[in-house]
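Have a look at the structure below before the remarks.
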Protein chains: 2
Amino acid sequence: MTGDKASHGIQRAVEILEFVCVQPRSQSEVAVHFDIHRSTAMRTLDSLVETGLSRKHADGRYGAGYRLAGLAQLALEQFDLAHVARPFLEELAGECQHTIHLAALDGRSIVYADKIDQPGMVRLYSQIGQAVTLHTAGVSKAILAYQPPSIVAEVLSGADFVRKTSNTITSLEAFTAQLETVREQGFAIDDAEFEDFINCVAMPIRDFTGEVMAAVSITALKARAGLDDLRMLLPRLTEITAAISKELGWRP
Amino acid sequence: MTGDKASHGIQRAVEILEFVCVQPRSQSEVAVHFDIHRSTAMRTLDSLVETGLSRKHADGRYGAGYRLAGLAQLALEQFDLAHVARPFLEELAGECQHTIHLAALDGRSIVYADKIDQPGMVRLYSQIGQAVTLHTAGVSKAILAYQPPSIVAEVLSGADFVRKTSNTITSLEAFTAQLETVREQGFAIDDAEFEDFINCVAMPIRDFTGEVMAAVSITALKARAGLDDLRMLLPRLTEITAAISKELGWRP
DNA sequence: AACACCGTTGCACCTAATGCAACTATACGG
DNA sequence: CCGTATAGTTGCATTAGGTGCAACGGTGTT
């Protein structure tokens, strides 16, 4: 295989696993979705079942398996960030009744590390483990604003600056200017840049070295809470992100 | 590949993923542990990193990745049993201050579906997603006691009845007699059968059809709570397992 | 400086993953 | 009940890719 590409088999298996974890699926649905032969879908799913990552329900559809839950529990014990942050995020979510995101710089990308949804709300697009939309997400700006230019350049080499709404920042220059604004005001926003009716405010989290490596955001439907409403939550968000940072060893 | 064996690549990848999730490891450690070439270990780990299931730490060791956490969150939304049971298990754990296990019949094996540890205790051997030790585990007996003989025979074909302690049941006949005792008394025990200083009591969980498909156990170090102490918790365990069963649709 | 070990890369070989054809099973409509 | 369509399964041949090897560079230790 090529030196810079994931094993084809592993890549395929992980994508199929995620597909059936979102919602249980039959092997035919998997075959159609991934444009592979029914026998290939069957064998890959059977492999996932045999490893325990997937389970075959009584109706023949495949879903998540218990070993996946076990792996997750092991994994969570390694995520100091998510572990430490979770109680604070739940506290914040309880108070403000909005969706809370935690994102982290992960190599040369930024990914969602945790997420507190609100019951009854439309489920937002974000998914733990998936990369954020670099040029629109508040957490992205809150992290990149405090990175060295070399890191910013490297991470943004993966940004396409595609227009999503009329508010979307579509150039590197404008985005860099926005990072300067974030540094000045101490927080980042997403003002309907990804989706017309969703906005958020975000603030950085520092680790024990004082470096910014994560951020927390409060996200809401504009109809429910506009930016002005969210700005009023900034003092509390400041406290929460400082508390998480201190728990991670940061000394202001 | 053979029709009844997991894809070699997927099997290997999952085992390596689990190995580094238990504790972050270097590629050399992975190579030695699995008796594979350093370049094979490197490529498999890089594949896991590229899919997001694993992460490469700054010190070069590999650990759990954020996408694994995302998959787990998706998975948990599918586990009615674990979802429904979790609050009850936490309640029980809070009251009795012992380790609580939830195990489920999964195909033709019985696996740990959830587990509530106690802070400060020696971490017990059990791991979510892993199969229970069929001939010693209380949850195994609590489930098998209520299965049809054909299911019992099929599941037990995977039991080796290896002696672990002087209390271990080492024959199919003795084990079958024990299942009869479980039916009579309504609960199962592990009386230092797996490990000399650990005992437990277990009771079955029924689904909406009334069938037993899971069990809950209270496990403790003998030094901390012997079987007599655990028996005193049976009324409460009865209530808890009945409550979980009712939540799953069981009507007594 | 020498040595040991680890991480990485290109390459050849061998294994296994894949699609195909053919089969069985199931569900549905007439 | 029968015919049809779709889904699931299996054996096999082919092709793709996974693997170990040798060689290299980097790092840490003596």
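Sequence lines set the chain letters: A, B, ... in the order given, protein chains first and strands last, and positions in each chain run from 1. Computed over heavy atoms, backbone and side chain alike; hydrogens, waters and symmetry mates excluded.
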Problem - Ion pair B:E180/B:R183, N-O distance below 4.0 Å - result: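 Counted as a salt bridge, because a side-chain N and a carboxylate O are separated by less than 4.0 Å.
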Measure [atom1]/[X] against [atom2]/[N] and give the value in whole Å, please.
{"X": "A:E29", "N": "D:dT6", "atom1": "CD", "atom2": "P", "value": "15 Å"}
{"X": "B:F34", "N": "D:dG18", "atom1": "CZ", "atom2": "C1'", "value": "17 Å"}
{"X": "A:D59", "N": "D:dG8", "atom1": "CG", "atom2": "P", "value": "10 Å"}
{"X": "A:H37", "N": "D:dT14", "atom1": "NE2", "atom2": "P", "value": "17 Å"}
{"X": "B:M42", "N": "C:dC11", "atom1": "CE", "atom2": "C1'", "value": "15 Å"}
{"X": "B:I36", "N": "D:dC21", "atom1": "CD1", "atom2": "C1'", "value": "15 Å"}
{"X": "B:H8", "N": "C:dA16", "atom1": "NE2", "atom2": "P", "value": "6 Å"}
{"X": "A:Q27", "N": "C:dG19", "atom1": "CD", "atom2": "C1'", "value": "15 Å"}

Hey, are [Y] and [X] close enough side-chain-wise for a donor-acceptor pair under 3.5 Å?
{"X": "A:E29", "Y": "A:Q23", "answer": "no"}
{"X": "B:Y62", "Y": "B:D46", "answer": "yes"}
{"X": "B:Q127", "Y": "B:Y112", "answer": "no"}

Please check the phosphate of [N] (OP1 and OP2 only) for any side-chain N or O of [X] closer than 4.0 Å.
{"X": "B:K56", "N": "C:dT8", "answer": "yes"}
{"X": "A:T40", "N": "C:dA17", "answer": "no"}
{"X": "B:R43", "N": "C:dT9", "answer": "no"}

Problem - Candidate nucleotides C:dT18, D:dT9, C:dT8, ranked by approach to the side chain of A:T44 - the nearest - result: C:dT18
Problem - Candidates D:dG8, C:dG7, D:dG17 - which lies nearest the side chain of A:S28 - result: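 The answer is D:dG8.
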Practice task
Establish, yes or no, whether a centroid distance under 6.0 Å links the rings of A:H135 and A:F161.
Solution key: yes
Problem - Near-ring test A:H33/A:F19, centroid separation under 6.0 angstrom - result: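 Yes, close enough.
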Practice task
Just call it for A:R12: base, sugar-phosphate, or nothing, with non-hydrogen atoms closer than 4.0 Å on any strand.
Solution key: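 If one applies the 4.0 Å heavy-atom cut-off, A:R12 turns out to touch the sugar-phosphate alone, with no base involved.
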Handout entry: Side chains of B:V20 and B:S54 in contact at under 4.5 Å (non-hydrogen atoms)
Key = yes
Practice task
State whether the distance check finds a donor on one side and an acceptor on the other, under 3.5 Å, for side chain A:S39 versus base C:dC20.
Solution key: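 Side chain to base: pair present.
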Exercise for the section: Report the end-to-end axis angle of the helix from C:dA1-D:dT30 to C:dG30-D:dC1; each axis comes from five terminal pairs, and the value is rounded to 10°. Expected result: 50°
